[in-house]
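Here is how names work: the chains are called A, B, and so on, in the same order as the sequence lines, proteins then strands, and each is numbered from 1.
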2 protein chains.
Amino acid sequence: MVKTTLAPFAEYAAELRPLIDSALGARSEPAEGCPDGLREAIRYSLLGPGKRLRPMLVLLSARACGGSVAPAMPAACAVEMVHAYSLVHDDLPAMDDDDLRRGRPTCHKKFGESIAILAGDALLTMAFEVLAKEIEPPQIAAECCAALAGVAGPCGMVGGQADDVAGTDTKADIDTLESIHRRKTGAMIGVSLRLGALIADADGEQLEALDRYGRNIGLAFQITDDLLDVRGNEQTAGKRVGKDAQRGRLTFPGLLGIEQSTERAKDMIRQACDALVPLGAGADGLESLAMYVLERDR
Amino acid sequence: MVKTTLAPFAEYAAELRPLIDSALGARSEPAEGCPDGLREAIRYSLLGPGKRLRPMLVLLSARACGGSVAPAMPAACAVEMVHAYSLVHDDLPAMDDDDLRRGRPTCHKKFGESIAILAGDALLTMAFEVLAKEIEPPQIAAECCAALAGVAGPCGMVGGQADDVAGTDTKADIDTLESIHRRKTGAMIGVSLRLGALIADADGEQLEALDRYGRNIGLAFQITDDLLDVRGNEQTAGKRVGKDAQRGRLTFPGLLGIEQSTERAKDMIRQACDALVPLGAGADGLESLAMYVLERDR
């Protein structure tokens, strides 16, 4: 059900990304009490060349529910802060031990391990500060904090990462793999959509549609990530490729093969787009983003 | 102005500590999606033999402002979660590299470095979840989240720790030392008092009194901590002693000498008790806690 009139995701990105980057920049400027080295590491990790996928989901979700972009911007910043923190900590020597991220040295490679741990801690804390201080009215701010903490914590992203680093010891089946990714990637994608919707005062039907959309693009995103690791080249991906296989880590192509994984991703994107139908034309940006997830090369 | 009728702090601790421990235990029980090893590390770090000083400050502050203990309990749990997270991350090999904490192996010694990093991340996230979900009304929940994030983040505790690990490179004067401790210890003590007061619907005069009390016991607490490191023995302190000096780290006795440091702590406790006068008899618990800070041996 792809419309022939659908604008490519690049157009939405060209509109929203500068707004997001300027909002992130403003919220990580020098402030009293924050040492220069720590602030540099925070900005390096937050303002680098990422896709800003999660903040765009927040903003496009607000729009899909009839809201506008500006009131949702603090939530867009918050989800990107949590994402940036998770990458910094995941890259640490004790975790995935990565030297390269988005084509640049990882945070601990550039600033040292102690500053990287602290920069991650700071980014996680800043996410809740931005939500609690800036989202209006305060009832919605509290609801956003609760939703974000719920998916970021031990039953969500942190729990998924714990199972992921345990990796080779866990059961190597598709259910385990989906459970890890539901918590690590899917939950953050889902909450990005939810925060945008809450701020735009969405109704139950809209929330449900976005939830279905999010579950499908979340897993599709992870499958295409795994496929890029198998097929991609280091320069385009901006990080080490083939590393999943080297580590014996569970992946979709590893369990299902490349062809079946690709089919599965396509099917999920189809279901994601179907879920958007009740939201009407306001959801065009989200539909375009779903197509991008399938076609991206990094 | 110590009253002869003041109950010893041990009596307040005997009343409140079991309530706090049971509240912390309930909020860290097994939950879907949280791997067993991670949950164990969280509970090990959260439920160990600590003093529960910060949660007691929350509860006694609520009481000093005419409120009761039960509605403030989620905030008491939140500040202890943030405290526990900060200890787990501070103890990591890349930071202070400590093997012993409260008489037991540190979290990374017991569970490994990756689980320790993740347990700290989880505890920080849980703190905001507890506040956002449980504090009523939601406006106060949002205010509590904002206040806690403000002092825990890059301009507060994380910034203080960054300066502290940079340690030997920073200026070795009393202003630098006080600035580190204001952010590392003082700010968390101050926000503990503030959360209790906000939940008890305190007025401006009460908030100001608690703020003055907090600034004084915060620094006094740090001075007595440094003094214990010089004088204490390992068994009582439950951690390595004399380590500050070995590391060339800034300390109050190092800069001012033992005698002047002791005098300074006494003077601050006197000022803390003076600050409580406007709060009346409801603040007896806080006064008793101030006396304990001065006299504690661990």
Side-chain angles (χ1 to χ4, degrees), chain A residues 31-35 37-39 42 85-86 89 92-95 108 112-122 124-133 135 137-150 152-163 165-166 179 182-183, chain B residues 28 31-35 37-39 42 85-86 89 92-95 108 112-122 124-133 135 137-150 152-163 165-166 179 183:
Chain A
E32 208 199 315
C34 178
L38 177 63
R39 180 179 42 79
I42 289 169
Y85 125 76
S86 75
H89 280 191
L92 287 168
M95 308 271 260
H108 66 272
E113 211 176 322
S114 61
I115 287 296
I117 294 168
L118 292 169
D121 293 345
L124 175 57
T125 312
M126 289 160 69
F128 292 103
E129 188 173 19
V130 168
L131 285 181
K133 283 195 178 154
I135 296 294
Q139 294 94 298
I140 299 291
E143 212 176 328
C144 287
C145 285
L148 184 60
C155 301
M157 201 172 62
V158 173
Q161 176 66 5
D163 275 343
V165 291
S179 155
R182 198 165 45 239
R183 285 171 293 162
Chain B
S28 56
E32 208 199 315
C34 179
L38 178 63
R39 180 179 43 78
I42 290 169
Y85 125 76
S86 75
H89 280 191
L92 286 168
M95 309 272 260
H108 66 273
E113 212 176 322
S114 61
I115 286 295
I117 294 169
L118 292 169
D121 293 345
L124 176 57
T125 313
M126 288 160 70
F128 292 104
E129 188 173 18
V130 167
L131 285 181
K133 283 195 178 152
I135 296 294
Q139 293 95 298
I140 299 292
E143 211 176 328
C144 287
C145 284
L148 183 61
C155 301
M157 200 173 63
V158 173
Q161 175 67 5
D163 275 343
V165 291
S179 155
R183 285 172 292 161

Contact part of [X] toward chain A, heavy-atom cut-off under 4.5 Å: side chain, backbone, both or neither?
| X | answer |
| --- | --- |
| B:Leu92 | side chain |
| B:Gln139 | both |
| B:Ile115 | side chain |

What part of A:Leu38 lies closer than 4.5 angstrom to a heavy atom of chain B: side chain, backbone, both or neither? side chain
A:Ile42 versus chain B, heavy atoms under 4.5 Å apart: side chain, backbone, both or neither? side chain
Most heavy-atom pairs under 4.5 angstrom with chain B, which of [options]?
| options | answer |
| --- | --- |
| A:Ala149, A:Cys34, A:Pro154 | A:Pro154 |
| A:Arg182, A:Arg183, A:Arg39, A:Met126 | A:Arg183 |
| A:Pro35, A:Gly120, A:Gly150, A:Gly153 | A:Pro35 |
| A:Cys155, A:Ala132, A:Ala116, A:Ala122 | A:Cys155 |

Let me see the working for A:Phe128 and B:Leu131 under side-chain contact (heavy atoms from CB on, under 4.5 Å), right down to the final yes or no. CA-CA 11 Å; A:Phe128 292 103; B:Leu131 285 181; over 6 Å; no
Worked verdict on B:Gln161 versus B:Val165 for side-chain contact (heavy atoms from CB on, under 4.5 Å): CA-CA 6 Å; B:Gln161 175 67 5; B:Val165 291; 3.5 Å; yes
Pair count under 4.5 Å, heavy atoms only, with chain A: among B:Ala94, B:Ala152, B:Ala31, highest is B:Ala94
Quick check for you: among B:Met157, B:His89, B:His108, B:Glu143, which has the greatest number of heavy-atom pairs under 4.5 Å with chain A? B:His89
Point-to-point distance, once rounded to the nearest 0.5 Å, from [atom1] of [X] to [atom2] of [Y]:
| X | Y | atom1 | atom2 | value |
| --- | --- | --- | --- | --- |
| B:Leu124 | A:Thr125 | CG | OG1 | 4.5 Å |
| A:Ser114 | A:Leu118 | OG | CG | 6.0 Å |
| B:Ile135 | A:Cys145 | CD1 | SG | 12.5 Å |

Within a strict 4.5 Å, meaning less than it, do heavy atoms of the A:Asp121 and A:Tyr85 side chains meet? no
